[in-house]
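What follows is one structure encoded as structure tokens, with my remarks underneath.
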Amino acid sequence: MAVSSSFSPFPSLLYPSSTHSPLSLPLKFLPSSKPLLLRSRIKALQRWREYEDAVRDKDLARALRFLQSTQSSSIDSSSDSNSKMNLNSGFSTWDWDRPERDWEILDTCLNADDMRLVGSAYGFLQDRGFLSNFGKCRDIVIEGPREVTPKVLKEYTGLEAIKLAPKKWGMSGASQLALIAFLGGASFLVSQGIEIRPNLAAILALATADAIFLGGTCLAQISCFWPPYKRRILIHEAGHLLTAYLMGCPIRGVILDPFVALQMGIQGQAGTQFWDENMESELAEGRLSSTAFDRYCMVLFSGIAAEALVYGEAEGGENDENLFRSLCVLLKPPLSVPEMANRARWSVMQSYNLLKWHKRAHTAAVKALEAGHSLSVVIRRIEESLSSGV
């Protein structure tokens, strides 16, 4: 990086008793600061390369330690920062510390086994002033009616309860059209005297094996090549991501590839992994407050709410409902079926309205995911949308 022409290694404020200006000092003293400047810049570059290696290796612990050390070093050297800036003509030791580098730590969260470490990464960025909207709606769970009948649900969302319920594949929407097209094509071939029954039997056998042993991963991977289906998944997962972010739940990552989801043990064709520290602490103590459970359920049903907000009805979310039911029966005392139904309606109503209020941020998240951006970029787009207010 070129040094500007205004470079002055001996500012006059360092020589208050001198009768000479800095520029009138002997020139033999001027080059003495250049080796120091060069060494400090090389050292800083080498240290930031260590951080880049940690980000590339998805090593959250190492990346977080580095950022915390740079912050501590910056604070420790703040007493003589003015002289350092004058000496280097605008090039400080931490000139490499650009905001986008700090954001990149979010891209290391996906491989982290310790979710508390993920929470620490979000806390670090929030302390640095990057995540100003993280957790801004964590107290929204105390608002609105608690008893949500189908009539109340329609009043608050404008949608019938059936529109907010996940559908079985082939029973509605695009999947129904695909099933009709498949059956119609098969019937046409049979009517033309083409024997396809052995092939159909093989296809059905493979589909059954996929559903039983792989959770439908192969079919999901094939379906992802169909743009309408892929976009619906993006909208669904962006709903989870944005709601978790607004509720203050650190996001470990968004998985859109069915095979990656299978390898990570995620139930379903895609998934957004988030963490609620309060809920985990309460469960460890053998209890679960209504506030923590409400927050969790809002994030859980936000994918369904996002689809309903964009398309007028939801198709995905069956695995979200199954996870909700499995958690309800673990409560002490467990929720009854009517109580589960009411809690589900309340959660999807809250999530629907939360996403409706932040629709531009949801759209920004969908576009970022659609473009294949990393988690750090997606969250930056969310922050930019929320902060701009446009």
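- Side-chain contact between R62 and D53: present, with at least one pair of heavy atoms (C-beta onward) separated by less than 4.5 Å.
- Of the possible polar contacts, one joining the T149 side chain to the V152 backbone as a donor-acceptor pair under 3.5 Å is found.
- When hydrophobic clusters are built by joining Ile, Leu, Val, Met, Phe, Trp and Tyr residues whose side-chain heavy atoms come closer than 4.5 Å, directly or via intermediates, L153 is grouped together with Y156.
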Could you give me the CA-CA distance, side-chain angles and deciding distance for S347 and D294, then say whether side-chain contact (heavy atoms from CB on, under 4.5 Å) is met? CA-CA 7 Å; S347 301; D294 286 343; 5.7 Å; no
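- Across every non-hydrogen atom of L335 and M340, the tightest pair is CB-CG, 3.7 Å.
- S351 places a side-chain N or O within 3.5 Å of a backbone atom of M298 that can act as its donor or acceptor partner.
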### Query
Stepwise, does the ring pair (Phe, Tyr, Trp, His ring centres under 6.0 Å) test hold for H358 with H362?
CA-CA 6 Å; H358 301 90; H362 179 254; over 10 Å; no
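- Ion pair K230/E370 not flagged as a salt bridge, since none of the NZ, NE, NH1 or NH2 atoms sits closer than 4.0 Å to an Asp/Glu carboxylate oxygen.
- Ionic pairing of D107 and R56 is not present here: no N-O contact between side-chain nitrogen and carboxylate oxygen is shorter than 4.0 angstrom.
- Remark: the backbone N or O of R381 is not paired with any side-chain donor or acceptor of S385 at under 3.5 angstrom.
- Residue K367 places its NZ atom among 12 or fewer non-hydrogen atoms of other residues, nucleotides or ligands, all under 6.0 Å distant.
- At a cut-off of 3.5 Å, with distance as the only test, no side-chain donor of S289 or T291 sits close to an acceptor on the other residue.
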Test salt bridge (charged side-chain N to carboxylate O under 4.0 Å, His left out) on E321 and R325 and set out the steps.
CA-CA 6 Å; E321 280 199 341; R325 292 192 190 96; 3.3 Å; yes
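- Residues L386 and A361 approach most closely at CD2-CB, 3.7 Å, considering heavy atoms.
- R101 forms no cation-pi arrangement with Y51, by the criterion of a distance under 6.0 Å to the ring centre and an angle within 45° of the ring axis.
- Linking Ile, Leu, Val, Met, Phe, Trp and Tyr residues whenever their side-chain heavy atoms come within less than 4.5 Å leaves L131 and V377 in two separate clusters.
- You'll find the side chain of L159 stays beyond 4.5 Å of the side chain of K154, heavy atoms only.
- Here CZ of R231 is found 10.5 Å from CG of L369. Values are rounded to the nearest 0.5 Å.
- In this structure, A305 and V348 approach most closely via the heavy-atom pair CB-O, 4.0 Å.
- In terms of heavy-atom proximity, I235 sits nearest to A306 at O-CB, 3.4 Å.
- At least one cation-pi condition fails for R252 and W275: the charged atom is not both under 6.0 angstrom from the six-membered ring centre and inside a 45 degree cone around its axis.
- Counting only N and O atoms by type, the side chains of T272 and E237 include a donor and acceptor under 3.5 Å apart.
- Once rounded to the nearest 0.5 Å, the distance linking SG of C297 with CG of L323 reads 9.0 Å.
- Using a 4.0 Å cut-off between charged side-chain N and carboxylate O, R343 and E339 make no salt bridge.
- Taking the side chain as every heavy atom from C-beta outward, S290 and R146 approach each other to under 4.5 Å.
- Ring geometry, F301 versus F324: the interplanar angle exceeds 60°, so the pair is classed perpendicular (tilted spans 30 to 60°).
- The two residues V118 and P250 have their closest heavy-atom pair at CG1-CB, 4.0 Å.
- For the pair C328 and P334, the minimum side-chain heavy-atom distance is 4.5 Å or more.
- Residues L354 and C137 form a side-chain contact, since some pair of their non-hydrogen atoms from C-beta on lies under 4.5 Å apart.
- From K58, atom NZ reaches atom SG of C109 across 10.5 Å, with rounding to the nearest 0.5 Å.
- Linking ILVMFWY residues whenever their side-chain heavy atoms come closer than 4.5 Å, directly or via other members, places V337 and F293 in the same cluster.
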Check step by step if side-chain contact (heavy atoms from CB on, under 4.5 Å) holds for N342 and E147.
CA-CA 7 Å; N342 180 75; E147 296 296 326; 3.6 Å; yes
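- The main-chain N or O of K136 is never found under 3.5 Å from a side-chain atom of N133 such that the two would form a donor-acceptor pair.
- Under the 4.5 Å side-chain heavy-atom criterion for ILVMFWY residues, a single connected hydrophobic cluster contains both F124 and I382.
- In this structure a side-chain-to-backbone donor-acceptor pair under 3.5 Å is missing from Q273 to V254.
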Where do T108 and I105 land on the side-chain contact (heavy atoms from CB on, under 4.5 Å) test, with the steps shown first?
CA-CA 5 Å; T108 68; I105 195 173; 3.9 Å; yes
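- Between the SG atom of C249 and the CZ atom of R138 there is a distance of 8.0 Å, given to the nearest 0.5 Å.
- Proximity of D102 to R128: side-chain heavy atoms (C-beta onward) are separated by under 4.5 Å at one or more points.
- Contact annotation: the side chain of E315 never approaches that of P166 to less than 4.5 Å [non-hydrogen atoms, C-beta and beyond].
- Residues Y296 and N278 are not in side-chain contact: their nearest non-hydrogen atoms beyond the backbone lie 4.5 Å or more apart.
- Separation of atoms OG (S374) and CD1 (I379) is listed at 9.5 Å; rounding is to 0.5 Å.
- The environment of CD1 in I162 is sparse: at most 12 heavy-atom neighbours from other residues, nucleotides or ligands sit within 6.0 Å.
- Looking only at distances, no side-chain donor or acceptor of E277 sits under 3.5 Å from a matching main-chain atom of G119.
- Formation of a donor-acceptor pair under 3.5 Å by the H240 side chain with backbone atoms of V299 is found in this model.
- Looking only at distances, a side-chain donor or acceptor of Y122 sits under 3.5 Å from a matching main-chain atom of I251.
- To the nearest 0.5 Å, atoms CG (L125) and CZ (R380) are separated by 10.5 Å.
- The nearest pair of heavy atoms linking L375 to L106 is CD2-O, 3.7 Å.
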Next item on the list: Determine, stepwise, if the pair D276 / E280 fulfils side-chain contact (heavy atoms from CB on, under 4.5 Å).
Entry: CA-CA 6 Å; D276 190 327; E280 183 178 281; over 6 Å; no
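- In the hydrophobic clustering of this structure, L117 groups with F274; members are Ile, Leu, Val, Met, Phe, Trp, Tyr whose side-chain heavy atoms approach within less than 4.5 Å, directly or through other members.
- D59 contributes no side-chain N or O that, together with a main-chain N or O of V55, makes up a donor-acceptor pair within less than 3.5 Å.
- Although no hydrogens or angles enter the test, the distance criterion places a donor-acceptor pair under 3.5 Å between the side chain of D114 and the main chain of R116.
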